Amino acid sequence: MGASGWVSTSLPYLTPPGTGQGDRWAAEAAAGGRRGTQRIVHAGEVPAPADVAELLGVPQGDPVVVRRRLILLDDEPSELADTYYPTAIAGGTRLAGTAKIPGGALTLLAELGHVGVLVREDVTAGMPDEQERHALRTAPEEPVLRLLRLTLDRDDRPIQVDRMVMPALRQRLRYQIRIG
């Protein structure tokens with residue numbers, strides 16, 4: 001953490017946890033002396049939005065499974081996170097329900113035979129819409145960061161798309177890349 005708020009890294013959230021590991025967000029927040037929780041506000045099939053459809057390789061409007069979460073840090077909204085899955089992967093599974101998934105969604109995906117090996121993230125900044133501003137409790141002129149993540153399996157098939165919206169003034173994104 002720094003003066004600009006919470007420092008977020010993606011890597012811990014891209015691979016299934018090891019045996020006995022619990023909620024990674026709660027553990028990461030606790031390591032910083034904070035309390036991290038999340039609420040699933042919706043789960044189930046929805047028509048694929050244009051950007052998600054393109055990334056998942058399905059026609060716009062076709063059904064996809066989404067899990068919508070409100071991420072909280074010390075009981076304050078920190079992030080809106082929507083994760084989309086092709087129905088061929090997630091339809092009829094616990095990913096389509098609002099119950100907590102033991103070991104998390106990545107563990108369930110791995111159990112179903114879908115392991116991500118390549119991730120592409122695009123980050124943009126902008127103004128929130130009214131619903132995002134209300135959910136994140138941002139000031140009227142406070143911008144947000146938008147992170148759009150595509151995860152591909154070893155055969156370059158898309159297995160999930162994440163859309164995250166975070167208050168820009170309370171968040172810093174950190175990327176660490178090992179070369180060679």
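Just so it is clear, the model here is predicted, and its values are computed rather than measured.
- For residues 52-61, no residue pair satisfies the salt bridge (Lys or Arg N to Asp or Glu O under 4.0 Å) rule, not counting sequence neighbours.
- Listed by first and then second residue, the salt bridge (Lys or Arg N to Asp or Glu O under 4.0 Å) pairs that reach into residues 80-96 are Arg68-Asp82, Arg94-Glu111, sequence neighbours excluded.
- Residue Val119 is not grouped with residue Tyr84 when hydrophobic side chains (ILVMFWY) are merged at heavy-atom distances under 4.5 angstrom, including chains of intermediate members.
- Annotation: side chain to side chain contact (heavy atoms under 4.5 Å, CB included) contacts of Leu152 (sequence neighbours excluded): Leu118, Leu150, Asp156, Pro158.
- In this structure, Ile89 and Leu109 have side chains that are in contact, with non-hydrogen atoms separated by less than 4.5 Å.
- Between Ser78 and Arg170 the shortest side-chain heavy-atom distance does not fall below 4.5 Å.
- Residues Leu70 and Pro77 meet the side-chain proximity criterion, which asks for heavy atoms closer than 4.5 Å.
- Remark: Ala81 pairs with Arg69, Ile71, Glu79, Met164 by the side chain to side chain contact (heavy atoms under 4.5 Å, CB included) rule, at least two apart or across chains.
- Annotation for His42: atom NE2 counts as buried by contact number, over 12 foreign heavy atoms lying within 6.0 Å.
- The hydrophobic cluster containing Ile101 does not contain Ile40, counting ILVMFWY residues as joined when their side-chain heavy atoms lie under 4.5 angstrom apart, directly or transitively.
- Nearest heavy-atom pair, Ala90 versus Leu95, reported as atom, atom and distance to 0.1 Å: CB-CD1, 3.7 Å.
- Note that CG of Leu73 is 8.5 Å distant from CD of Gln171, once rounded to the nearest 0.5 Å.
- Residues Val123 and Tyr175 have side chains in contact (heavy-atom distance under 4.5 Å, counting atoms from C-beta outward).
- Looking at Pro128 and Thr138, their side chains come closer than 4.5 Å, going by heavy atoms from C-beta outward.
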In a table with atom names and distances, give each donor-acceptor pair under 3.5 Å that connects a side chain of residues 58-66 to protein atoms at least two apart or in another chain.
none

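- Summarising the geometry, atom CG belonging to Leu56 is positioned 9.5 Å from atom OG1 belonging to Thr87; distances are rounded to the nearest 0.5 Å.
- Proximity of a side-chain donor or acceptor of Arg149 to a complementary backbone N or O of Glu121 within less than 3.5 Å is not detected.
- Under a 3.5 Å cut-off, the side chain of Arg67 and the backbone N or O of Gly97 do form a donor-acceptor pair.
- Under the 4.5 Å side-chain heavy-atom criterion for Ile, Leu, Val, Met, Phe, Trp and Tyr, Leu72 and Leu80 are members of the same hydrophobic cluster.
- Side-chain N or O atoms of Asp155 include none that pairs as donor or acceptor with a backbone N or O of Arg157 at under 3.5 Å.
- Note: His114 NE2 to Arg154 CZ = 9.5 Å, rounded to the nearest 0.5 Å.
- Rounding to the nearest 0.5 Å places OG1 of Thr83 at 5.5 Å from CD of Gln160.
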Pair up each side-chain donor or acceptor in residues 141-148 with any protein partner under 3.5 Å, not counting sequence neighbours, and list the distances.
unit_1 : atom_1 : unit_2 : atom_2 : d
Glu142 : OE1    : Ala139 : N      : 3.1
Arg146 : NH1    : Glu132 : OE1    : 3.3
Arg146 : NH1    : Glu132 : OE2    : 2.8
Arg146 : NH2    : Met127 : O      : 3.1
Arg146 : NH2    : Glu132 : OE1    : 2.9

